[in-house]
Amino acid sequence: MSTENVRVRFAPSPTGHLHIGGARTAIYNWAFARHHQGAFILRIDDTDRQRSTDENTAAILRALEWLGMDWDEGPEVGGAYGPYFQTQRAKSHMEALQSLRDSGDAYACFCTADELATRRDPAAPDGSHGGYDRRCRSLPPATISSRIASGDQHVWRLAVPEERGQIEIDDAIRGEVRWPAEVMDDLVLVRSDGTPTYNFATVVDDWQMAISHVIRGDDHLSNTPRQVLIYEALGARVPRFAHMSLIFGSDGKRLSKRHGATSVEAYRDDGYLPEALLNYLALLGWSIDDKTTIFDRETLVRDFELGRVSRNPAVWDPDKLEWMNGAYIRGLSPTELGTRMRPYFAKAGLVRPDGTQGDDVDLDRVAPLLSERMKRLSDAVRAAAFLFGDLVEIEEVSRAKMAQTDGAAEILEAAAARLGALETFDAASAEAVLRSLPEVLPVKPKDVFQTVRVAVTGSTVSPPLFESLELLGRERALARLASARDSLDLADHAADPG
RNA sequence: GGCCCGUUCGUCUAGAGGCCUAGGACACCGCCCUCUCAAGGCGGAGGCACGGGUUCGAACCCCGUACGGGCUACCA
């Protein structure tokens, strides 16, 4: 495949936010362009005026940037082939229609939608494909011009060549695919309201933008022969196509909202790292070899090739994404992780968004305690919440376990006394103190750790205890031990109202 | 209905006729490590949709069947 003049595009419709399926299409296009030192073009296909919004466009651009995509031409960066909003290209669409009318490849059709429906209906179209019957194609020119002149509603259709035979493409992912041209309807190019249909607009735009490879979802494969016909009528060079399969939900249906989060933003908000999502998405339908799972952006660009894109649909696997995200989190330095966690703590009101100074807790110091137990950045907030505030609320089940532990009161008292007497209050000293308790009390080490853990963190599950104590500081640690000790008595009284 | 596309462990995939006793990853199970939870280490279970060919030899090639998906709009 020639590296010369590779120009690919991602053309989302701003009718919603960036979907993970769309994101994967964008990634493959981007990686292909970068691999071949070509151009990655972003075009906003906003022809659906009712549902397209500027907010959605902005959200899509932001999501793409977040994923690390950069585009050589498109909104915000411009380019020689603009405009990059499809609705602003109406003039060239109309010019293309005019040239098709001039060449006789497009003709006016006055059939109404109702007429078409009733004509199509008559039961099972045995053998025939039951499409448009091309009746307006043979209208006398005089009739056509007079009806147009009198304002009759009409669409413009492509006159599919009678003797076209097989329409064949060499798909970069699927190989050779062909369709008999006879089953192609004379598709509508321009609607009665004067706007171009999707198939017409994209072909005209891709042609004029000199797109060399059209890399898109499988759902467009069946549109391809129609588009090829349009390219041919236009006298345009047909680009190379590459159809990647769709992403499915676990039920084998196309991924949609009912399968859970489907927008890139939702994953960002849930605490996924962009590099993890990128990695996961890239691997969903493509692979480098038989064992590489984690790889960075540069590797993706270096190794990406369409020939290694799989032809069968992939099921979205949230578990694997979570695992991968965790793997990326573990690879972050404490400072980096601290920075990345900040927005989530800030959202919970625990820390300042800007992170300058004056936080109750230094996130860079929290990060190493959390990094191996996080799947998502947002997990950190719950796991580290106990570090904020003076006292901590103890979970009911954890309190019950603590209360049932033999010698719990003694453990809490002894721990408080000895931790209080410490020269320097750090993790190592705290560990030494707690480990020595079984030497002076008839208790098991495990009970010491768990009792203190519950008292200090509010739960039987927490980040490493000794480091947590250090982060908490002597004062708060002692206060919590005392509070837990008191709660034991209260529980006794409550349980024994006599 | 018609036209297309697809089918390797539960999931993502490696595999382009002998390297396959089908490899890796997630998930799952067990053991180890261990202050809880994780992380990590080691091990285990688990798959070529089915039926015919072609070939000395097929997960890989051909045909059929089944199943899934897409398109069949004046949606994109």
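Below, chain A is the first sequence line, B the second, and so on; all start at residue 1. Just so you know, these numbers use all the heavy atoms, side chains as well, and skip hydrogens, waters and symmetry mates.
With a 4.5 Å cut-off on side-chain heavy atoms, R254(A) and D219(A) count as touching. Counting heavy atoms from C-beta outward, R9(A) and M209(A) have side chains that stay 4.5 Å or more apart. Taking 4.5 Å as the limit, every side-chain heavy atom of D426(A) sits out of range of all side-chain heavy atoms of L469(A). By the 4.5 Å heavy-atom criterion applied to side chains, S371(A) and L332(A) are not counted as neighbours.
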- Task: Determine, for nucleotides 36-41 of chain B in 5'-to-3' order, which nucleotides have protein heavy atoms under 4.0 Å from the base (write B), from only the sugar-phosphate (write S), or from neither (write -).
- Result: BBBSS-
- Message: What does the B/S/- profile of nucleotides 6-15 of chain B look like, 5' to 3', with a 4.0 Å heavy-atom cutoff to protein?
- Response: SSS--BBSSS
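Shown for residues 435-443 of chain A: residues whose heavy atoms fall under 4.0 angstrom of RNA chain B, namely R435(A).
Ion pairing between R485(A) and E410(A) fails under the 4.0 Å rule for side-chain N and carboxylate O.
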- Task: Go through the steps for D46(A) and T87(A) under the test side chain to side chain donor-acceptor pair (under 3.5 Å), then give the verdict.
- Result: CA-CA 6 Å; D46(A) 56 350; T87(A) 47; 2.7 Å; yes
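Proximity of R254(A) to the phosphate of rC71(B): a side-chain N or O atom is located under 4.0 Å from OP1 or OP2. Contact check, R191(A) against rA76(B): a side-chain N or O comes under 4.0 Å of OP1 or OP2. Between K291(A) and rA25(B) there is no side-chain polar atom (N or O) within less than 4.0 angstrom of OP1 or OP2.
A tilted orientation is assigned to the rings of F304(A) and W286(A), their planes being inclined by 30° to 60°. Ring geometry, Y267(A) versus Y272(A): the interplanar angle exceeds 60°, so the pair is classed perpendicular (tilted spans 30 to 60°). Using the six-membered ring where Trp is involved, F241(A) and H243(A) have ring planes that are parallel, under 30° apart on the 30 and 60° scheme.
The listed nucleotides are rA27(B), rC75(B), rC35(B); the one nearest the side chain of F466(A) is rC35(B). Minimum atom distance to the side chain of R51(A) is reached by rC75(B), of the listed rC75(B), rC35(B), rA73(B). The side chain of D218(A) has rC5(B) as its nearest neighbour among rC5(B), rA76(B), rC74(B).
Side chains of Q450(A) and R453(A): a donor on one and an acceptor on the other come within 3.5 Å. Under the 3.5 Å distance criterion, with hydrogens and angles disregarded, a donor-acceptor pair is assigned to the side chains of T195(A) and R191(A).
Summarising the geometry, the separation between CG on L221(A) and P on rU72(B) is reported as 12 Å, rounded to the nearest angstrom. Atom-to-atom, CG of N325(A) to C1' of rC26(B) comes out at 14 Å; the value is rounded to the nearest Å. With rounding to whole Å, F295(A) atom CZ is found 14 Å from rG24(B) atom C1'.
Applying the 3.5 Å distance criterion, the base of rC3(B) shares no donor-acceptor pair with the side chain of S222(A).
Atom name P, nucleotides rC9(B) and rG43(B): the rounded distance is 24 Å, in whole Å. rC37(B) sits 15 Å from rC28(B) when the P atoms are compared, rounded to a whole Å.
Under a cutoff of 6.0 Å and an axis angle of 45°, R147(A) and F110(A) form a cation-pi pair.
Position along RNA chain B of the nearest nucleotide to D46(A) versus T292(A) favours T292(A) as the more 5'-ward residue.
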